[in-house]
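Below is one structure, written out as structure tokens; comments come after it.
For ligands, and for the atoms within them, numbers begin at 1 and follow the listed sequence.
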Amino acid sequence: MSAGRFLQTLSGTRFPTPPIWLMRQAGRYLPEYRAIRATTRSFLEFCYTPDKAVEVTLQPVRRFGLDAAIIFSDILVVPDGLGQRVWFEEGEGPKLEALTDPADFGRLSRARLTDTLAPVYTAIRQARAALPAETALLGFAGAPFTLACYMIEGGGSRDFAKVKLWAYRHPESFGLLVDLLVEAVIDHLTAQVEAGADAVQLFDSWAGILPEEQLFAWSLEPMVRIAHGLRTRHPKVPIIAFPRAVGPAILMYRRPDAFTALSLDTGIGAHWAARELQPHVCVQGNLDPLMLVAGGTALERETRRILDKLGQGPFVFNLGHGVVPQTPPEHVAQLVEIVRGWTPSTS
Ligand code: CP3
């Protein structure tokens, strides 16, 4: 049976038009998501209810015929599975009982992680069974640095001063937290692959706040350790890295021993990526999510510009960050049509 265009692209096959999926393709911009989300108050409880998680995983695939589904969950299930209190406040985003002292690490433990997260693996098993064979199913996790940001700040932050100062002043103890997160993420991704995820993506959404040397130590190096750890158990599983907003430092993530593809945020020029990255590694990205809100000719021109630079592959069409709630669903349908109908410009 064919593995589908998304997985074949990751293993080097080129198609006349690239496969497409979108980060945060399930979510509040879809009325059918809002309807089922309204049936559960707590967001984490919603993530841990397999029938509901499966349903919202499938919704965007049904509506738009995307080449991949991503399991509906959140990166913050890992701190939850380690025993840190995590909750989501309406309109405010995630909140965590912040780690304020290295002694707080003592309260975190990997011992119960995969038991706590068992509903995620059940959802993956069910989603894989329900999806068409040619539609890939992605598992995912937050990378250690981004998880540490939320765990130390106690939620989102304007400047992430607490996590940076901890890492700069006390690298040894910060290293202990990162080590724990490396092992926890390996456990979580391994369980997702064993439940049926065809590929995985590592989100390092806040990597871009680090200077270069710290970027190497706290973003790249832990992500490489995760990739190697997962590969000792599952040597062939494709791994996509998304180090967001790191600029040209993304060059150091060209690590074929670790990452099958690099996901590019909107700040990376498609032309530059075609020259510096694509000859070495499959790339994914990088339409501005607000182009998808704008729609119309702006969306059409920008989508074709990206396709003309990167579309000959190896390339997976995606956004530079997640779909935002104000996105009109019709614009997603328009985007899929543009990508599937693309032929290279002859200028
Ligand atoms: O469709 C998909 O992509 C799968 C589901 C998914 C969610 N979160 C669902 C979600 C994925 C892959 C994530 C990843 C995630 N979560 C990241 C990394 C990607 C990125 O955006 O940088 C981060 C940083 C988080 C943490 C998080 N979760 C935040 C900051 C928020 C609040 C912001 C918001 O959009 O509300 C969440 C909540 C969240 N995760 C929602 C969804 C659909 C919205 C909550 C709701 O529906 O009630």
inquiry  = Can you tell me how the ring of Phe315 sits relative to the ring of Phe317, calling it parallel under 30°, perpendicular over 60° and tilted otherwise?
reply    = perpendicular

request  = Taking the six-membered ring for Trp and the full ring for Phe, Tyr or His, determine whether the centres of Phe46 and Phe72 are under 6.0 Å apart.
outcome  = yes

ask   = Under 4.0 Å from ligand 1, counting heavy atoms only, is it the side chain of Arg244, its backbone, both or neither?
value = neither

Close approach, Phe46 and ligand 1, non-hydrogen under 4.0 angstrom = no

message = Would you compute the distance between atom CD of Gln214 and atom CZ of Phe145 and round it to the nearest 0.5 angstrom?
response = 9.5 Å

message = Regarding Tyr121 and His188, do their side chains bring together a donor and an acceptor under 3.5 Å, going by distance alone?
response = yes

message = Can you tell me if His321 contacts ligand 1 (heavy atom of the residue under 4.0 Å from the ligand)?
response = yes

ask   = Side chains of Asp80 and Tyr48: donor-acceptor distance under 3.5 Å anywhere?
value = yes

query = Does atom CD of Gln326 have more than 12 heavy-atom neighbours, drawn from other residues, nucleotides or ligands, at distances under 6.0 Å?
reply = yes

query = Quick check: does Trp206 get an N/O under 3.5 Å from an N/O on ligand 1?
reply = no

message = Below 3.5 Å, N or O to N or O, backbone or side chain included: is there any such pair between Ala26 and ligand 1?
response = yes

query = Which atoms from ligand 1 have a heavy atom of Ile71 less than 4.0 Å away?
reply = 4 (C)

query = Is there a heavy atom in Gly142 that sits closer than 4.0 Å to ligand 1?
reply = no

task = Report yes or no: does Gly156 have a heavy atom closer than 4.0 Å to ligand 1?
result = no

query = Without hydrogens or angle criteria, can the side chains of Gln25 and Gln59 be said to hold a donor-acceptor pair below 3.5 Å?
reply = no

inquiry  = Less than 4.0 Å is my threshold; does some heavy atom of Thr146 fall inside it relative to ligand 1?
reply    = no

ask   = Which of parallel (below 30°), tilted (30 to 60°) and perpendicular (above 60°) describes Phe242 and His321?
value = tilted

key: Axial cation check for Trp342 ring with Arg304, 6.0 Å and 45° limits   = no

message = Distance under 4.0 Å to a non-hydrogen atom of Phe203: what atoms of ligand 1 satisfy this?
response = 12 (C), 18 (C), 19 (C)

query = Looking only at distance, does Arg28 have an N or O less than 3.5 Å from an N or O of ligand 1?
reply = yes

inquiry  = Using heavy atoms and a 4.0 Å limit, tell me yes or no: is Tyr33 in contact with ligand 1?
reply    = yes

inquiry  = Give the atom numbers and elements of ligand 1 that come within less than 4.0 Å of a heavy atom of Phe88.
reply    = 28 (N), 37 (C), 38 (C)

